[in-house]
Amino acid sequence: MFVSAFIGGDNLNVSTLLLQLLTGLAYGMLLFMIASGMSIIFGLMNVVNMTHGTFFALGAYLAYTFTSQHFGFWVSLILSVIVVGGIGLFIERVLLAPVYGSHDKEVLMTFGLMFIIADLMKWMWGSNPLTLGVPPILNFSISMGPVMFPSYRLFVIIIGILLAFVLWYMENHTQTGAIIRAGVDDRTMLGALGINVKFVFASVFVFGAALAAFGGVLAGPILSLYNGMDIEVLILSLVIVVIGGLGTWKGTFIAAILIGLIESMGQVYFPSVSMALIFIFMIAILIVKPTGLFGREVGA
């Protein structure tokens with residue numbers, strides 16, 4: 001449902017092909033926003049955060065509530081990201097920090113939280129699908145050759161590219177990026193250098209949660225908000241992180257685009273097995289390169 005709602009359309013012609021390519025790129029950028037936070041969290045903290053899809057859904061639902069209170073789309077976006085970031089901080093400091101080092105407890109903790117928050121969302125917002133309106137300033141289409149492409153989806157593409165640039169710049173040209181890279185390589189040495197590792201962990205977790213919420217709000221005008229969207233996006237995020245390589249935003253960026261295009265074109269040419277194509281692609285990548293596209297061997 002998550003994918004089909006985003007893509008839509010089933011006519012096989014040149015215009016539809018171009019439209020599906022553009023839509024697949026927009027879809028990939030949206031997936032990148034969501035999965036990059038998960039990848040960064042795993043790379044630094046070595047935690048598979050099963051609540052990541054929940055942050056995505058929670059951001060979308062909160063934005064719906066804020067817009068229904070006449071805050072406007074952009075203000076709702078900021079407020080939703082801040083609230084979900086605060087929830088992420090609470091989860092990391094109060095619930096996750098005491099079980100660091102035990103992967104079983106980390107997975108069980110975040111897995112349980114996923115279901116608890118999902119039930120709370122169902123209780124608060126009900127089971128019926130909800131719709132988050134497109135911001136008026138972007139509620140029009142742009143002529144791109146033989147097709148009319150929604151300006152909002154073009155906006156999503158631009159935001160995804162800008163996010164990739166920001167992550168690149170942060171990684172290569174800021175002290176924060178250097179600290180995160182050092183933490184990925186050797187967190188013990190990072191602490192020995194006098195860096196507050198707890199603060200770094202909390203900051204990265206909040207950043208990842210905020211990115212997921214950001215992606216959820218941007219997905220809201222394209223998708224319906226529905227029960228189960230958190231699990232669907234979690235599965236896609238895990239696939240993207242595995243394909244791209246654990247702990248690398250560059251791999252996540254490339255993998256998200258590839259998954260977006262594969263799923264978009266699969267919906268046109270092979271609709272009955274479009275989801276299977278994603279997993280077939282993942283298996284093929286892992287057979288050729290078990291660490292993912294940009295992943296490194298342990299200890300490399």
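- In terms of hydrophobic clustering, with Ile, Leu, Val, Met, Phe, Trp and Tyr side chains grouped at heavy-atom distances under 4.5 Å, L258 and I283 are assigned to different clusters.
- Between W123 and D119 there is no side-chain heavy-atom pair separated by less than 4.5 Å.
- With a 6.0 Å radius and a threshold of 12 heavy atoms from other residues, nucleotides or ligands, F140 has its CZ atom above the threshold.
- In this structure, CZ in F56 is found 8.5 Å from CG in L31, a value given to the nearest 0.5 Å.
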- [ ] Run the numbers on L79 and L62 for side chain to side chain contact (heavy atoms under 4.5 Å, CB included), then give the verdict.
- [x] CA-CA 8 Å; L79 291 176; L62 285 171; over 6 Å; no
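- Using a 4.5 Å heavy-atom cutoff, the side chains of I278 and M275 are in contact.
- Applying the 4.5 Å side-chain rule to ILVMFWY residues, one finds I82 in the same cluster as I78.
- The number of heavy-atom neighbours closer than 6.0 Å to CD1 of I137, taken from other residues, nucleotides and ligands shown, is 12 or below.
- Note: L234 CG to F55 CZ = 11.0 Å, rounded to the nearest 0.5 Å.
- When every heavy atom of L138 is checked against every heavy atom of S151, the shortest pair comes out as O-OG, 2.6 Å.
- Side-chain atoms of T110 come within 3.5 Å of backbone N or O of V107 as a donor-acceptor pair.
- In this structure, the separation between CE on M29 and CG on L154 is 12.0 Å, given to the nearest 0.5 Å.
- Using a 4.5 Å cut-off on side-chain heavy atoms (C-beta onward), I222 and R153 make contact.
- The distance from the CG atom of L211 to the CE atom of M33 is 9.5 Å, given to the nearest 0.5 Å.
- With hydrophobic clusters built from ILVMFWY side chains whose heavy atoms lie under 4.5 angstrom apart, F214 shares a cluster with W168.
- Between F115 and F111, the distance from one ring center to the other falls under 6.0 angstrom.
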Task: Intermediate values then yes/no, side chain to side chain contact (heavy atoms under 4.5 Å, CB included), W125 and N227 - done: CA-CA 9 Å; W125 287 285; N227 299 144; over 6 Å; no
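- Between F149 and S141, the closest side-chain pair of non-hydrogen atoms is not below 4.5 Å.
- Here OG1 of T51 is found 6.0 Å from CD1 of I117. Values are rounded to the nearest 0.5 Å.
- Close placement of the F155 and W74 rings is indicated, their centers lying within 6.0 Å of each other.
- Placement of L277 and I287 in two distinct hydrophobic clusters is found when ILVMFWY residues are connected by side-chain heavy-atom separations under 4.5 Å, directly or transitively.
- No side-chain heavy atom of F66 sits under 4.5 Å from any side-chain heavy atom of V75.
- Contact annotation: the side chain of I34 approaches that of H52 to within less than 4.5 Å [non-hydrogen atoms, C-beta and beyond].
- For the pair F73/V134, no side-chain contact is recorded, criterion being any heavy-atom separation below 4.5 Å from C-beta on.
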TODO: Evaluate side chain to side chain donor-acceptor pair (under 3.5 Å) for T252 paired with S39, printing each intermediate quantity in order.
DONE: CA-CA 7 Å; T252 303; S39 179; 3.3 Å; yes
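- A search for side chain to side chain contact (heavy atoms under 4.5 Å, CB included) contacts involving L167 returns F32, S36, I40, L163, M170, F207, W249, not counting sequence neighbours.
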- [ ] Starting from the C-alpha separation in whole Å, work towards a yes-or-no answer on side chain to side chain contact (heavy atoms under 4.5 Å, CB included) for M109 and M50.
- [x] CA-CA 9 Å; M109 173 72 73; M50 303 300 288; over 6 Å; no
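- Cluster membership for F90 and V206, using ILVMFWY side-chain heavy atoms within less than 4.5 angstrom, is not shared.
- Under the 4.5 Å side-chain contact rule for hydrophobic residues, L238 and I231 share a cluster.
- In this structure, a donor-acceptor pair under 3.5 Å is present between the side chains of E232 and Y226.
- Looking at heavy atoms from C-beta onward, F205 lies in side-chain contact with N49 at the 4.5 angstrom threshold.
- Minimum interatomic distance between L225 and M229 (heavy atoms only, all atoms of both residues): CA-SD, 3.9 Å.
- Residues satisfying the side chain to side chain donor-acceptor pair (under 3.5 Å) test with T54, not counting sequence neighbours, are none.
- For the atom pair CZ of F199 and CZ of R93, the computed distance is 10.5 Å after rounding to the nearest 0.5 Å.
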